[in-house]
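Predicted, not measured: the structure shown is a model, and the values here were computed from it. Heads up: numbering here begins at 1 and tracks the sequence.
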Amino acid sequence: MQITPQDRKIIRHLKVKGKITVREAMLTYNILSLTKRISELNRKGYKLNSCQKIDKLRKTSYKEYYVIDRDNFAPEASEEVVEEERVVA
């Protein structure tokens, strides 16, 4: 499976910050369906987790996607990962 430009943006964000929300993805990267992108990354072998958060001010819930280890959440030695590393570097 090929890594898309949106996937690269999410991967880069997770390497730097360790977490991302739908709102962040929409406002920062114009990614309108983060849930779908995360699902595809999981299928490609990335180790991503999620948890439900509550915005106490607005009294709404939202999902936050995160990685436990920022340096080691990519699949083992796949071509896409090697290619992605070159693009980020």
Donor-acceptor list for residues 56-65 side chains, cut-off 3.5 Å, not counting sequence neighbours:
unit_1: R58; atom_1: NH1; unit_2: D55; atom_2: OD2; d: 2.9
unit_1: S61; atom_1: OG; unit_2: Q52; atom_2: NE2; d: 3.4
unit_1: Y65; atom_1: OH; unit_2: T35; atom_2: OG1; d: 3.3

Which atom pairs, donor and acceptor, lie under 3.5 Å between side-chain atoms of residues 19-29 and protein residues at least two apart or in another chain?
unit_1: T21; atom_1: OG1; unit_2: E24; atom_2: N; d: 3.1
unit_1: E24; atom_1: OE1; unit_2: T21; atom_2: N; d: 2.9
unit_1: T28; atom_1: OG1; unit_2: E24; atom_2: O; d: 3.0
unit_1: Y29; atom_1: OH; unit_2: H13; atom_2: ND1; d: 2.8

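Taking all atoms of both residues into account, the shortest heavy-atom contact from R37 to I10 is CB-CD1, 3.4 Å. Minimum heavy-atom separation, Q2 to D7: O-OD2, 4.1 Å.
No side-chain donor from either of S39 and N42 sits under 3.5 Å from a side-chain acceptor of the other.
In this view, S33 satisfies the side chain to side chain donor-acceptor pair (under 3.5 Å) rule with no residue, not counting sequence neighbours.
Note that the CZ atom of R43 and the CD1 atom of I38 stand 12.0 Å from one another [nearest 0.5 Å]. Between the CD atom in E40 and the CG atom in L48 there is a gap of 12.0 Å [rounded to 0.5 Å]. For the atom pair CG (L34) and CD (Q6), the distance works out to 9.5 Å, reported to the nearest 0.5 Å.
Ion pair D69/K47 not flagged as a salt bridge, since none of the NZ, NE, NH1 or NH2 atoms sits closer than 4.0 Å to an Asp/Glu carboxylate oxygen.
Side-chain contact between N49 and I68 is present, with heavy atoms from C-beta onward closer than 4.5 Å.
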